[in-house]
J.: 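I have a structure I would like to understand better, so I am pasting it below and will then ask my questions one at a time.
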Amino acid sequence: MSPSRTIALSEQLSTEHLLGIKDLSAADIELIFRTADGFKEVLNRPIKKVPSLRDITIANLFFESSTRTRVSFELAEKRLSADVVNFSSSGSSVSKGETLVDTVNNILAMKVDMVVMRHPDPGAAMFLSRHVDARIVNAGDGTHEHPTQALLDAYSIREKLGKVKGVKVLIVGDILHSRVALSNIFCLQKLGAEVMLCGPTTLMPRYVRSLGVRVEHDLNKALRWCDVANMLRIQLERQGGDGIANFPSLREYAMLYGLDLERYQRIGKEVVIMHPGPINRGVEVTSQVADHANSIILDQVENGVAVRMAVLYLLAARIPRTVV
Ligand code: CP
């Protein structure tokens with residue numbers, strides 16, 4: 001498929017913003033995947049660019065650090081020929097006390113159509129969508145949601161295993177602080193996958209039982225159950241104090257919940273290994289596991305560009321002034 005500017009009404013997303021996976025239907029997710037398939041083909045051509053968003057201006061607002069998501073969105077926007085402006089809170093007037101709405105409205109006064117925002121506060125993207133006149137894409141809001149990460153994760157499982165429905169996906173580690181975990185749970189369940197969470201009790205949210213997932217605290221048992229193991233990053237920056245408030249030491253965490261080659265080989269089957277990044281090598285996974293033939297960690301990053309192109313393209317199609 002070579003994506004054109006024309007999308008039939010029935011082929012539109014059901015939402016004007018991408019604030020969280022919770023708001024998407026399974027049909028929305030399938031539409032994003034089909035559109036991403038087309039963009040993935042574009043990204044493998046010698047000329048990796050299409051004119052789809054050449055009349056659209058997108059602001060990337062990052063109030064929290066990022067490598068993969070920031071670069072991936074910027075690349076996706078440039079591959080779609082959008083005009084791009086980048087903002088990070090360090091060195092901006094946010095440090096002089098400017099509010100989020102004032103910051104964004106000042107940027108929008110320069111005629112911006114879409115905002116991609118990462119923010120440390122849960123709900124920041126939703127707040128913005130109610131106060132500014134632009135399409136909002138949540139690039140991670142605190143411990144709440146990281147929808148494009150979940151989309152690229154599920155897309156990568158679909159690519160590797162040919163399906164998501166019925167696949168047993170294990171999510172390991174710091175569930176408590178993880179927007180990736182929450183968005184993955186919503187996305188995988190909407191697509192018919194089975195989800196199990198594994199980690200110490202102190203890194204499980206109190207509401208875990210309401211999520212409709214299995215919970216297992218023994219990593220060896222959990223690994224024997226799954227087809228895919230998504231090893232989450234330990235989020236030291238969200239744990240307060242010296243960064244290790246929820247378990248005795250990184251060494252103990254790695255012993256109980258880290259995946260090294262010996263533990264991986266003991267599973268006795270080909271489990272697909274995932275990690276959203278950035279990896280703490282030697283904590284969540286060792287280098288031998290991260291770089292293993294069954295690891296799709298770099299495929300996740302590659303697929304992120306095509307999936308984000310699909311999201312931006314489909315949301316732009318809903319902007320009234322866009323010529324489709
Ligand atoms: N996976 C992810 O969100 O990585 P960054 O924090 O580097 O964007």
Side-chain angles (χ1 to χ4, degrees), residues 20-26 29-30 122 143-147 149-235 238-239 246-247 252-260 262-276 283-285 289 292 294-297 300:
I21 298 290
K22 206 163 189 181
D23 307 324
L24 298 182
S25 64
I29 298 170
E30 297 290 356
T143 55
H144 179 225
E145 279 227 41
H146 191 349
Q149 180 70 44
L151 289 168
L152 73 89
D153 287 345
Y155 184 86
S156 301
I157 292 171
R158 169 185 177 265
E159 181 179 73
K160 179 74 178 171
L161 300 178
K163 61 175 185 173
V164 179
K165 191 176 169 69
V167 173
K168 293 178 175 172
V169 182
L170 173 66
I171 303 176
V172 181
D174 189 355
I175 315 293
L176 181 65
H177 301 104
S178 180
R179 55 195 175 207
V180 174
L182 201 57
S183 288
N184 260 271
I185 292 166
F186 294 148
C187 189
L188 292 165
Q189 288 178 334
K190 282 174 196 264
L191 296 176
E194 286 185 63
V195 182
M196 179 186 279
L197 306 180
C198 181
T201 316
T202 50
L203 288 177
M204 290 286 166
R206 271 193 220 141
Y207 57 83
V208 69
R209 297 284 168 194
S210 69
L211 294 171
V213 295
R214 295 164 190 250
V215 178
E216 171 59 65
H217 297 291
D218 180 331
L219 180 59
N220 297 323
K221 276 192 199 164
L223 286 167
R224 284 196 293 276
W225 172 85
C226 72
D227 304 308
V228 175
N230 193 350
M231 309 300 293
L232 298 181
R233 180 174 74 86
I234 285 288
Q235 303 205 22
R238 294 194 207 278
Q239 302 205 21
N246 297 86
F247 49 88
E252 182 174 313
Y253 178 87
M255 275 172 56
L256 291 173
Y257 294 104
L259 189 53
D260 61 11
E262 193 195 332
R263 175 172 267 154
Y264 183 74
Q265 286 172 338
R266 266 193 278 125
I267 307 170
K269 62 177 184 177
E270 305 259 305
V271 169
V272 176
I273 301 152
M274 300 177 72
H275 193 300
V283 180
E284 302 102 23
V285 288
V289 169
H292 194 277
N294 290 334
S295 162
I296 59 165
I297 293 171
Q300 291 172 258

J.: For the side chain of Lys160 and the backbone of Ser295, is there at least one donor-acceptor N/O pair under 3.5 Å apart?
T.: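 Looks like no, no N/O pair under 3.5 Å.
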
J.: Grab the two heavy atoms, one from Asp260 and one from Arg263, that are nearest each other, plus how far apart they are.
T.: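 Between these two residues, the closest heavy atoms are OD1-N, 2.9 Å.
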
J.: Donor-acceptor pair, Gln149 side chain versus Ser183 backbone, under 3.5 Å?
T.: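 No, Gln149 side chain to Ser183 backbone: no donor-acceptor pair under 3.5 Å.
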
J.: Within a 6.0 Å radius of atom CZ on Arg266, are there more than 12 heavy atoms belonging to other residues, nucleotides or ligands?
T.: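 More than 12 heavy atoms, drawn from other residues, nucleotides or ligands, come within 6.0 Å of this atom.
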
J.: Does the side chain of Asn294 reach to within under 4.5 Å of the side chain of Tyr264, using non-hydrogen atoms?
T.: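 They are in contact (side-chain heavy atoms under 4.5 Å apart), so the answer is yes.
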
J.: Any side-chain heavy atom of Glu30 within less than 4.5 Å of one from Leu191?
T.: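 Yes, side chains in contact.
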
J.: Step by step, would you call Leu188 with Ile157 a side-chain contact (heavy atoms from CB on, under 4.5 Å)?
T.: CA-CA 10 Å; Leu188 292 165; Ile157 292 171; 4.0 Å; yes

J.: Considering all heavy atoms of both residues, which atom of Val180 and which atom of His146 are nearest to each other, and what is their separation?
T.: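 Between these two residues, the closest heavy atoms are CG2-CD2, 4.0 Å.
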
J.: Rounded to the nearest 0.5 Å, what's the gap from CD1 on Ile267 to SG on Cys226? Could you check?
T.: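 Here the rounded value is 6.0 Å.
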
J.: To the nearest 0.5 Å, tell me how far Leu182 CG sits from His144 NE2.
T.: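 Reported value, rounded in 0.5 Å steps: 6.5 Å.
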
J.: Would the distance check show the side chain of Lys269 and the main-chain N or O of Arg224 forming a donor-acceptor pair, the cut-off being under 3.5 Å?
T.: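 Confirmed, Lys269 side chain pairs with Arg224 backbone.
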
J.: Taking side chain as C-beta onward, heavy atoms only, is Leu170 less than 4.5 Å from Leu219?
T.: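 In contact.
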
J.: Within the structure provided, determine whether Ile185 and Leu197 are in side-chain contact (heavy-atom separation under 4.5 Å).
T.: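 When only atoms from C-beta onward are counted, Leu197 and Ile185 do touch, with a gap below 4.5 Å.
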
J.: Is there a side-chain contact between Glu284 and Leu232, using heavy atoms and a 4.5 Å cut-off?
T.: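 SC-SC contact between Glu284 and Leu232 ruled out.
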
J.: Run the numbers on Gln235 and Leu176 for side-chain contact (heavy atoms from CB on, under 4.5 Å), then give the verdict.
T.: CA-CA 9 Å; Gln235 303 205 22; Leu176 181 65; over 6 Å; no

J.: What is the distance from atom CG of Asp153 to atom NE2 of His275, rounded to the nearest 0.5 Å?
T.: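 It comes to 11.0 Å.
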
J.: If you round to the nearest 0.5 Å, how far is OG1 of Thr143 from CD1 of Ile175?
T.: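 So the CD1 of Ile175 and the OG1 of Thr143 are separated by 13.0 Å.
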
J.: Is the shortest heavy-atom distance from the side chain of Phe186 to the side chain of Pro147 under 4.5 Å?
T.: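 No, side chains not in contact.
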
J.: Would you say the side chain of Leu161 lies within less than 4.5 Å of the side chain of Val228, judging by non-hydrogen atoms?
T.: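 Val228 vs Leu161: side chains touch.
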
J.: Any idea which heavy atoms bring Ala154 and Val164 closest together, and the distance?
T.: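 Closest approach of Ala154 to Val164, heavy atoms only: O-CG2, 3.6 Å.
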
J.: Minimum heavy-atom separation for Ile297 and Met274, please, with both atom names.
T.: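 Distance-wise, the nearest heavy atoms are CG1-C, 4.0 Å.
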
J.: Measure the spacing between CG of Asn230 and SG of Cys198 and express it to the nearest 0.5 Å.
T.: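 Here the rounded value is 12.5 Å.
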
J.: Contact between Phe247 and Glu252 at the side-chain level, heavy atoms closer than 4.5 Å - yes or no?
T.: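 No - every pair of side-chain heavy atoms lies 4.5 Å or more apart.
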
J.: Are the side chain of Gln300 and the backbone N or O of Leu152 linked by a donor-acceptor pair below 3.5 Å?
T.: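 Absent.
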
J.: Check whether any side-chain N or O of Tyr257 sits under 3.5 Å from a backbone N or O of His217 as a donor-acceptor pair, and report yes or no.
T.: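 Judged by distance alone, yes, a pair lies under 3.5 Å.
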
J.: With rounding to the nearest 0.5 Å, note down the distance linking CG in Leu223 to CG in Asp218.
T.: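 Those atoms lie 9.0 Å apart.
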
J.: What's the verdict on side-chain contact (heavy atoms from CB on, under 4.5 Å) for Lys168 and Met196, showing C-alpha distance, side-chain angles and the deciding distance?
T.: CA-CA 8 Å; Lys168 293 178 175 172; Met196 179 186 279; over 6 Å; no

J.: Give me the atom names and distance for the closest heavy-atom approach of Val213 to Val208.
T.: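 Val213 and Val208 have their closest heavy atoms at CG2-O, 4.1 Å.
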
J.: Write down the atom of Cys187, the atom of Ile29, and the distance for their closest heavy-atom approach.
T.: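 Smallest interatomic distance, heavy atoms only, reads SG-CD1, 4.1 Å.
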
J.: Walk me through it: do Trp225 and Glu216 pass the test side-chain contact (heavy atoms from CB on, under 4.5 Å)?
T.: CA-CA 10 Å; Trp225 172 85; Glu216 171 59 65; over 6 Å; no

